[in-house]
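Hydrogens, waters and symmetry mates play no part in the numbers below; they use all other heavy atoms, side chains included. Proteins come first, then strands; the chains are lettered A, B, ... in the order of their sequence lines, and each starts at number 1.
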Number of protein chains: 2
Amino acid sequence: MTDKKKDVLRETDDEARLLARKLVRASRYAAIAVIDAETGHPNASRVLTGTDVDGVPVILISALAPHMAALRADPRASLLFGEVGKGDPLAHARITLKCHAEEVARDGDMHNRIRQRFVTRHPKAKLYVDFPDFAFFRLVPAAVSLNGGFGKAYAPTADDLIIASPAMKELAELEPSGVAHMNTDHKEAADLYAKAFGKSKKSGWSFIGIDAAGVDLACGDELMRVDFPQPLAKIEDLRPQLSALLRNAREIT
Amino acid sequence: MTDKKKDVLRETDDEARLLARKLVRASRYAAIAVIDAETGHPNASRVLTGTDVDGVPVILISALAPHMAALRADPRASLLFGEVGKGDPLAHARITLKCHAEEVARDGDMHNRIRQRFVTRHPKAKLYVDFPDFAFFRLVPAAVSLNGGFGKAYAPTADDLIIASPAMKELAELEPSGVAHMNTDHKEAADLYAKAFGKSKKSGWSFIGIDAAGVDLACGDELMRVDFPQPLAKIEDLRPQLSALLRNAREIT
């Protein structure tokens with residue numbers, strides 16, 4: 001990196017880290033860049049995305065797509081997250097991750113967990129998730145480039161996107177029942193969170209994921225990420241943390 | 001390509017070719033995949049896009065962006081076009097081009113032409129287009145992969161995206177005054193084209209480009225491409241062709 005390039009980078013602060021996490025964790029899709037297995041040519045395509053409980057992006061792809069062969073031959077990949085709305089496309093925040101792809105073996109706890117989280121986020125994926133030519137890959141971030149709009153370039157670390165908590169494994173086991181419980185007994189919390197922390201004017205939000213660093217919400221096509229102030233240190237902190245968020249949300253709205 | 005992959009490809013028909021051209025020619029932006037100059041890692045980022053008069057995509061990028069160094073070291077790149085709207089992101093059409101990047105020298109007719117077309121498409125780019133660290137690249141397509149949504153995969157040829165016409169050079173010289181003339185004396189034609197051929201309900205469309213294969217329209221952030229039934233054989237065909245489109249548009253609307 002030249003000195004000139006360093007000059008244009010802002011120091012990564014908490015706001016930038018939060019934006020980086022939201023762009024990845026609330027995404028529906030990304031552009032993935034891979035190196036073509038046969039020609040070595042770079043290739044860009046669109047993939048549906050989710051995250052694993054440790055914040056690592058996951059994708060579900062078909063062996064018919066060229067990126068599957070590419071990733072199996074060379075696990076280096078890049079993901080570009082960030083939706084473009086009205087106005088200048090370059091004024092909208094986006095984030096590029098350089099990643100190493102790890103194919104998820106079809107049997108085992110990791111596959112079950114990733115599958116469960118992914119189809120909760122993308123219900124239509126249930127139609128093909130179990131087809132034999134489909135596979136999940138974890139795309140473990142190695143380097144990050146965040147662009148929050150003109151003059152707002154940051155270089156967060158890969159660690160800034162990773163969720164580390166001693167409660168992670170236990171929480172993952174609890175997640176399906178926890179999500180169901182929240183949607184059955186505390187559905188109003190999702191709307192309140194979305195209104196307070198995401199300025200949503202919609203109602204009908206539901207919980208689609210709970211991990212050690214926060215919750216994922218959905219309303220139709222729209223996804224939202226609400227991060228806890230700190231990742232949970234132990235599983236017993238989940239309930240008080242959700243209640244604290246709710247009190248906070250009620251104060252804001 | 002395996003037989004299985006071939007099986008899922010549909011035969012490229014005129015409708016697919018039209019969709020491919022619209023995705024590229026009416027784009028505001030794309031994801032670009034390049035190979036990092038230092039590490040060889042693929043990298044995905046967002047770029048504003050336009051087209052040259054021959055239909056070749058062009059980008060305007062800064063030397064501060066990593067893709068400039070990448071393209072100078074290895075001209076192989078891939079562009080992913082196609083905006084995502086409501087519903088499943090994979091139900092929205094997109095196209096991947098494998099390209100070879102050619103940097104556009106800063107002086108000369110080609111630069112003037114590309115610059116003029118680009119800033120007409122992206123007026124805000126006037127603010128930085130002449131900065132010394134910015135440069136245009138033509139991204140000449142070598143291979144194409146079109147995905148019109150589930151089960152609608154096509155492999156058009158690079159030639160399907162290229163505009164070939166003996167009138168191209170003359171038209172390029174006429175373009176700035178032609179665009180100005182259409183917007184001054186025939187502005188209603190833009191709205192009519194947009195309504196008839198793009199089902200637009202907006203008014204206030206204007207002409208931003210004219211080439212041998214059709215016209216580019218804009219209304220705020222929105223772009224639209226209207227292709228002629230055939231590329232013009234000679235420059236004298238432009239006026240009758242625009243009039244024929246107008247009659248056609250009046251019949252439809």
Side-chain angles (χ1 to χ4, degrees), chain A residues 1-2 4-5 7-8 28-36 38-49 62-66 69-70 74 76-80 82-92 94 96-100 122 124-125 128 133 142-143 145 147 150 153 220-221, chain B residues 1-2 4-5 7-8 28-36 38-49 62-66 69-70 74 76-80 82-92 94 96-99 122 124-125 128 133 142-143 145 147 150 153 220-222:
Chain A
M1 195 182 286
T2 64
K4 201 175 173 192
K5 282 183 192 170
D7 283 350
V8 300
R28 297 185 295 153
Y29 63 92
I32 187 168
V34 297
I35 295 176
D36 189 273
E38 286 171 27
T39 64
H41 203 110
N43 191 74
S45 47
R46 184 183 298 160
V47 285
L48 287 190
T49 58
S62 157
L64 299 177
D74 184 338
R76 294 177 299 175
S78 177
L79 289 172
L80 169 65
E83 302 206 11
V84 175
K86 288 185 185 293
D88 191 326
L90 298 186
H92 293 272
R94 66 269 187 197
T96 293
L97 273 53
K98 283 186 178 145
C99 309
H100 289 269
H122 300 290
K124 283 184 190 156
Y128 52 83
D133 62 314
S145 169
N147 194 321
F150 293 107
D221 306 323
Chain B
M1 195 181 286
T2 65
K4 200 174 175 194
K5 282 182 192 170
D7 283 349
V8 300
R28 298 184 294 152
Y29 64 91
I32 187 168
V34 297
I35 294 175
D36 189 90
E38 287 172 25
T39 64
H41 204 110
N43 192 74
S45 48
R46 185 182 298 159
V47 286
L48 287 189
T49 58
S62 157
L64 299 178
D74 184 338
R76 294 178 299 175
S78 177
L79 288 172
L80 169 66
E83 302 206 11
V84 175
K86 287 184 186 292
D88 192 327
L90 298 185
H92 293 272
R94 66 271 187 196
T96 293
L97 275 52
K98 282 186 178 144
C99 308
H122 300 290
K124 285 187 188 153
Y128 52 84
D133 62 313
S145 170
N147 193 320
F150 292 106
D221 307 323
E222 214 175 321

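In this structure, the portion of Asp36(A) lying under 4.5 Å from any heavy atom of chain B is its side chain and not its backbone. With a threshold of 4.5 angstrom between heavy atoms, Lys98(A) approaches chain B through its backbone and through its side chain. Looking at Glu83(B), the atoms closer than 4.5 Å to chain A (heavy atoms on both sides) all sit in the backbone: N, CA, C or O.
Chain A forms the most heavy-atom pairs under 4.5 Å with one residue out of Ser145(B), Ser45(B), Ala31(B), and that residue is Ser45(B). For the set Ala153(A), Ala142(A), Gly82(A), Pro89(A), the count of heavy-atom pairs under 4.5 angstrom toward chain B peaks at Pro89(A). Ranked by heavy-atom pairs shorter than 4.5 Å toward chain A, the options Cys99(B), Ser62(B), Ala30(B) are led by Cys99(B). With chain A as partner, the option from Lys86(B), Arg94(B), Arg46(B) having the largest number of non-hydrogen pairs under 4.5 angstrom is Arg46(B). Of all the listed residues (Val47(A), Asp88(A), Asp74(A), Asn147(A)), the one sharing the greatest number of non-hydrogen pairs under 4.5 Å with chain B is Asp88(A). In terms of non-hydrogen atom pairs under 4.5 Å with chain B, the most contact-rich of Pro42(A), Gly40(A), Ser78(A) is Pro42(A).
The minimum heavy-atom distance between Thr39(B) and Arg76(A), with the atom names listed, is O-NH1, 3.2 Å.
Ile35(A) CD1 to His41(B) NE2: the interatomic distance, rounded to the nearest 0.5 Å, is 7.5 Å. Note that CG of Leu48(B) and CG of Leu90(A) are 4.0 Å apart. Values are rounded to the nearest 0.5 Å.
Annotation: ring pair (Phe, Tyr, Trp, His ring centres under 6.0 Å) contacts of Phe150(B) (sequence neighbours excluded): none. Residues meeting the ring pair (Phe, Tyr, Trp, His ring centres under 6.0 Å) test with His122(A), sequence neighbours left out: Phe118(A).
Tested against Leu80(B), the residues Leu97(B), Ile32(B), Thr96(B) include a single side-chain contact (heavy atoms from CB on, under 4.5 Å) partner, Thr96(B).
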